[in-house]
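Worksheet: one structure, shown below.
The sequence lines fix the lettering, A, B, ..., with proteins before strands; numbering per chain opens at 1.
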There are 2 protein chains.
Amino acid sequence: MSKHPTTWNNQMIKRMNKEMVLNQVMESAPLSRADIVQQLGLNKGTVSSLVNELIEEDLIHESGTGESSGGRRPVMLLFNEHAGYAIGIDIGVNYILGVVTNLAGGIVHEKLKKTRDLSVHQLTSLVSATIRYLMEQVPPSKYGVIGIGIGVPGIVDTAGKVLIAPNLKWQDVDLKRILEKEFQCPIFIENEANAGAYGEKRFGAGRNSHSMIYVSIGIGIGSGVILNDELYRGSNGYSGENGHTTIIVDGKECTCGSRGCWEAYSSEFALLQSAEQHEHLAGASLEDLITLADAGNPAALELFQTLGTYIGIGIANLIKTYNPEQVIIGNRIRQAEHLIRNPVMEAVHSSSLPFQRAGLQINFSELSTYSAAAGVSAFAIEGFLKFSQRPLAGPGFPV
Amino acid sequence: MSKHPTTWNNQMIKRMNKEMVLNQVMESAPLSRADIVQQLGLNKGTVSSLVNELIEEDLIHESGTGESSGGRRPVMLLFNEHAGYAIGIDIGVNYILGVVTNLAGGIVHEKLKKTRDLSVHQLTSLVSATIRYLMEQVPPSKYGVIGIGIGVPGIVDTAGKVLIAPNLKWQDVDLKRILEKEFQCPIFIENEANAGAYGEKRFGAGRNSHSMIYVSIGIGIGSGVILNDELYRGSNGYSGENGHTTIIVDGKECTCGSRGCWEAYSSEFALLQSAEQHEHLAGASLEDLITLADAGNPAALELFQTLGTYIGIGIANLIKTYNPEQVIIGNRIRQAEHLIRNPVMEAVHSSSLPFQRAGLQINFSELSTYSAAAGVSAFAIEGFLKFSQRPLAGPGFPV
DNA sequence: AAAACTTTGTTTATTAAATGGACAAACTAA
DNA sequence: TTAGTTTGTCCATTTAATAAACAAAGTTTT
C-alpha cells in the first residue's frame with residue numbers, strides 16, 4: 001500500500017497510450033492503424049508498436065484488408081471479445097440473476113433463480129453455487145474468467161462490504177472477503193443502482209452520454225450517477241440515496257421513518273399502497289395493475305397517472321441538481337413504461353424551465369432486467385482492461 | 001483547436017510532475033527537496049531538476065536551512081506568492097467587489113462600489129473601470145497580472161457568455177469577449193455560487209474537503225458543487241439550480257413560475273416575504289430583522305427559526321443526493337448564522353438517517369463577503385499555474 | 001578530536017518511450 | 001507503364017525518469 005500519489009514516468013505513458021489505443025479499437029472497430037493515428041494524434045510508429053503488442057496479448061486481432069482510399073489497402077483491426085469472460089451476479093430481493101459475458105459485455109450464458117426470505121448464509125451459499133455453475137459454462141479462452149461482479153440492493157463501502165441492505169435484512173456482510181476465499185479472481189461488489197447505471201452507460205441507453213442518472217424504481221428508489229463518464233459514488237458511497245429526498249415537507253410517512261420522501265410517492269411500494277385504497281384493486285401486484293390498466297380500468301389508469309406525475313417531479317429535481325445529459329428510468333417500473341411515460345414527461349416539463357432541460361433526454365432502460373448484472377460484469381471487465389490497475393506482467397495477465 | 005484527445009509523451013510527463021512538485025510546495029511549505037522526494041515518491045534527481053527549474057521561473061525560492069535530522073541540513077523551499085497577481089471581480093445585484101490577490105490567494109487590495117439598477121452597458125463599463133483601477137494598484141512583479149476572474153449571479157456557458165442573470169436583467173451578454181478586447185490576459189467568467197464554492201475550497205472552510213457543496217443563500221439560492229476536488233458544472237453549466245428543486249408539491253409560488261421550490265421557503269426573499277405578514281415587521285431588511293431578533297423580538301426570532309428549518313430540509317436533500325464531506329452555507333444569510341445554526345442542524349438531523357450524514361460537516365462560509373471574488377481569482381491563478389494548459393514557453397510565461 | 005555514519009543534494013550513465021523521417025509495400029489514376 | 005498515395009515498419013534521435021556514484025554538510029560514537 002503506497003502512500004505516494006501517482007507520479008509520471010515512461011511506463012505510465014505507455015500504459016495510458018496503450019489503453020487509449022485499445023479503447024479506440026473497442027469503440028470504433030473495424031479500423032486500421034492509420035485510423036488510430038488520425039483519431040488519437042499519436043505517432044505512426046507508436047501506434048504500430050502498441051497495436052502489435054495488443055495483438056500479441058490476444059486483445060485485438062487483424063481481420064483482412066479494408067477499402068483503399070487511393071493507396072495501399074489498410075489492415076482492419078477488431079477487438080477480440082472472446083479473450084476472456086466476466087461473471088455478473090444481480091442479487092435481487094427475491095431472485096438471483098447470473099450472467100456470463102464476453103469482454104464486450106455480450107451475454108453468452110445466464111441463470112435465473114427465484115429466492116424467498118433467505119438467511120445471509122443461505123443466500124451467499126446460493127450466490128457461490130451460481131458462480132460455480134456459471135464458471136463451468138464459460139467457453140475456453142486465453143484469460144478465462146477475468147473477474148466477478150456482484151450487484152446488491154444496499155449500501156456497499158469501498159472495501160466491498162455490504163453495510164446495510166434493508167430488503168435482504170443484511171447488515172455488515174463482508175461479501176467481498178467471503179467470495180475471495182472461494183474464487184481466485186478479482187471480485188467487485190456494487191450497489192444495484194450503481195451497477196444498473198454503469199450497465200446502461202456501457203451497453204444500453206446511456207452509451208452516448210457523458211453524464212447520466214439511472215433511476216432504479218422498484219420496491220424502493222435508488223439512483224446511480226455517471227458524471228464525466230465515471231460512476232460517482234459520493235464520499236462514503238452513499239450517493240443515490242435520492243429516493244429519500246423530501247418532496248413534500250410533513251408529507252406521507254416513509255419506510256425510512258421520515259416524511260414526504262420521493263420514494264413514498266413514486267415507488268412500486270407507493271403504487272401498491274394506493275391500490276389498497278380501492279377495494280377492487282386491493283392485493284393486486286404491479287403486473288396485475290398493469291394488466292388492469294391496459295384493459296382500461298379507470299382506477300388503475302389513475303394510479304399510474306399519479307405515480308408518473310410524482311416520478312416526474314423527482315426527476316425534475318434531479319435535473320436541476322445534476323444537469324445531466326440523460327435520465328434513464330429502470331428496474332421493475334420499466335414494465336409500465338407505456339402507462340407512465342406521458343405523465344412523467346408532463347410533470348418534468350411543468351416543473352422545470354426550458355433552459356434547465358436543454359439538451360436533456362429521458363429514456364427507459366434498454367437492458368431491461370439485465371442492467372445490473374451487465375453493469376457489474378462491466379466493472380470486472382474494466383478492472384481487467386485498465387492497464388493502470390493491472391499488475392505489470394502478472395501470471396496470465398498481459399503486460 | 002485540436003480534435004484529438006490528449007495522448008501522453010515525455011513533455012506531458014514533465015508538466016505533470018512539475019505541477020505536482022509545485023503543488024506540494026504550495027501545500028506543505030516550508031519543505032526541502034528531500035521532503036518532496038519522500039512525499040511524492042519521485043527520484044531525487046528528478047525532484048532536484050524540477051525544483052531548480054521552478055526556482056528559475058521564480059515560482060518558488062530557497063529560504064535558508066532547516067533543522068538537521070541527523071545529517072546535512074536541508075535547504076527549505078517556499079512558494080513565491082508574489083511572482084504575479086490575479087484580479088477577481090464579484091458582480092453582485094447591487095454592488096461590484098474587486099480584489100487583487102497574490103498567487104496564494106491573499107488579498108492585497110480591494111475596491112467596493114455600490115450600484116443600483118444599471119444597464120448592461122453601464123455595468124460592464126463600471127467593471128472595466130474597476131479592473132483598470134485595480135491594475136494600477138498591482139505591485140511590480142515578474143509576471144504581472146496573470147488573469148482576471150469575474151463572478152456573475154447567473155448562468156454562464158463554457159465560452160464565458162452570460163446566458164441569463166435575472167437579477168441583473170442580463171441575457172446573452174458575451175462578457176468574456178467584451179473584456180478580452182480591452183485586457184490582454186486570460187479572462188475567466190463563472191457563476192457566483194461556483195466561484196464562492198471554489199473560493200471556500202481553496203482558501204476557506206472547505207480547504208480539507210474533497211467533496212463539498214457551497215450553498216449561496218441571498219435573495220435567491222444557488223449552489224456550487226465540488227466533487228473529487230474539482231468544480232462540477234453539469235453538462236451545460238446549469239448544475240446548482242438547486243434552489244428550484246421542489247420541496248413541497250403544489251406549495252408556495254416561486255419567482256421562477258413553479259411552485260414549492262426550496263428557494264421560495266429558504267431565501268432572503270422568502271424571509272422578507274414572511275416579514276410582510278407581521279405588521280410591525282413589514283418593510284424590514286435582513287439586517288433589520290437580525291437586529292430585532294438579537295433584541296429578543298419573538299416574531300423575528302420565529303421567522304429565523306422557520307427559515308433555518310427549511311434551509312436544513314433542503315440541505316438534507318443535498319446530502320442524500322451528493323453524499324459530500326461538507327456543506328458550507330454562504331452569501332448574505334451568513335450574517336444570521338447565530339440565529340439559524342441550531343434550526344438548520346436540527347432539521348438536517350430529523351430529516352436524515354445517521355449513516356446518511358456520517359462524517360459530514362456543516363459550516364458557514366469563512367471568507368464572508370470575499371468567497372466569490374477570491375474564488376474567481378483562484379480560477380485565474382489555477383489557469384496560470386496549471387502547466388498543462390499554459391502555452392509552452394509563451395512570452396513572459398515559464399516553460 | 002578523529003572516525004564513522006547520516007542526510008541532503010548534484011551529477012552522470014542508463015533505460016524507456018515517443019517522435020520524425022526514411023523506406024518498403026500495395027494500391028489508384030493517368 | 002509511370003507517377004502519385006496510402007499504409008505500415010524500422011531506425012536514429014530526443015526527452016525525461018531512474019539508479020548509482022559522489023560531494024557536501026551535518027551528527028554520533030569512540
Side-chain angles (χ1 to χ4, degrees), chain A residues 2 4-21 25 30-56 60-77 387-388 392-393 399, chain B residues 2 4-21 25 30-56 60-77 387-388 392-393 399:
Chain A
S2 145
H4 307 297
T6 337
T7 51
W8 298 87
N9 55 28
N10 277 336
Q11 284 180 42
M12 204 63 172
I13 290 190
K14 189 173 178 178
R15 282 184 181 182
M16 288 293 183
N17 285 338
K18 203 161 161 182
E19 193 181 319
M20 290 182 77
V21 168
V25 175
L31 85 178
S32 66
R33 291 168 174 81
D35 292 331
I36 297 176
V37 168
Q38 227 232 311
Q39 288 166 29
L40 293 184
L42 279 171
N43 183 275
K44 294 204 297 183
T46 308
V47 169
S48 199
S49 107
L50 293 177
V51 162
N52 289 334
E53 283 188 31
L54 287 167
I55 290 176
E56 287 242 323
I60 65 184
H61 59 88
E62 300 184 332
S63 78
T65 53
E67 283 301 290
S68 160
S69 63
R72 172 174 165 177
R73 291 162 65 185
V75 178
M76 303 315 270
L77 303 168
F387 294 1
S388 34
L392 266 172
V399 182
Chain B
S2 143
H4 306 148
T6 336
T7 51
W8 299 89
N9 54 28
N10 276 338
Q11 284 181 44
M12 204 64 172
I13 290 190
K14 189 172 179 179
R15 283 182 179 183
M16 288 293 182
N17 284 337
K18 202 162 162 182
E19 192 182 318
M20 290 183 78
V21 168
V25 175
L31 84 178
S32 66
R33 291 170 175 79
D35 292 331
I36 297 176
V37 168
Q38 227 231 311
Q39 289 166 27
L40 292 184
L42 279 170
N43 183 276
K44 295 204 299 184
T46 308
V47 169
S48 198
S49 109
L50 293 178
V51 162
N52 290 334
E53 283 187 32
L54 287 167
I55 290 175
E56 288 241 323
I60 66 183
H61 60 88
E62 300 184 332
S63 79
T65 53
E67 284 301 291
S68 162
S69 62
R72 171 173 166 178
R73 290 163 64 185
V75 178
M76 303 315 269
L77 303 169
F387 294 3
S388 36
L392 267 171
V399 181

Pairwise salt bridge (charged side-chain N to carboxylate O under 4.0 Å, His left out) hits with a residue in residues 63-73 of chain B, at least two apart: none
Pairing residues for Asn52(B) by the side chain to side chain donor-acceptor pair (under 3.5 Å) criterion, not counting sequence neighbours: Arg33(B)
Rounded distance [0.5 Å steps], NE2 in His61(A) versus CG in Leu77(A): 9.5 Å
Which residues share a side chain to side chain donor-acceptor pair (under 3.5 Å) with Thr7(A), sequence neighbours left out: none
Qualifying residues under side-chain contact (heavy atoms from CB on, under 4.5 Å), relative to Val25(A), sequence neighbours excluded: Ala29(A), Leu31(A), Ile36(A), Ile60(A), Phe79(A)
Distance in angstrom units between Met76(A) CE and dG8(D) C1', rounded: 14 Å
Whole-Å distance separating the CG atom of Asp35(B) from the C1' atom of dT8(C): 10 Å
Taking only N/O atoms, report every protein-nucleotides 17-21 of chain C pair under 3.5 Å with atom names and distance.
unit_1	atom_1	unit_2	atom_2	d
dA18(C)	OP1	Asn17(A)	ND2	3.2
dT19(C)	OP2	Asn43(A)	N	3.2
dT19(C)	OP2	Thr46(A)	OG1	3.4
dG20(C)	N7	Asn43(A)	OD1	3.4
dG20(C)	N7	Asn43(A)	ND2	2.8

Partner set under side chain to side chain donor-acceptor pair (under 3.5 Å) for Ser69(B), not counting sequence neighbours: none
Detail all sub-3.5 Å separations between protein N/O atoms and N/O atoms belonging to nucleotides 26-30 of chain C.
unit_1	atom_1	unit_2	atom_2	d
dA26(C)	N3	Arg72(A)	N	3.4

Nearest-Å distance for atom pair CD/C1', residues Glu62(A) and dT7(D): 12 Å
Gap between atom CG of Leu40(B) and atom NE2 of His4(A) - 0.5 Å precision: 8.5 Å
Distance, rounded to the nearest Å, where Leu31(B) contributes CG and dG9(C) contributes C1': 14 Å
Touch class at under 4.0 angstrom, heavy-atom based, for Val47(B) against every strand present: nothing
By side chain to side chain donor-acceptor pair (under 3.5 Å) - contacts of Asn9(A) (at least two apart): none
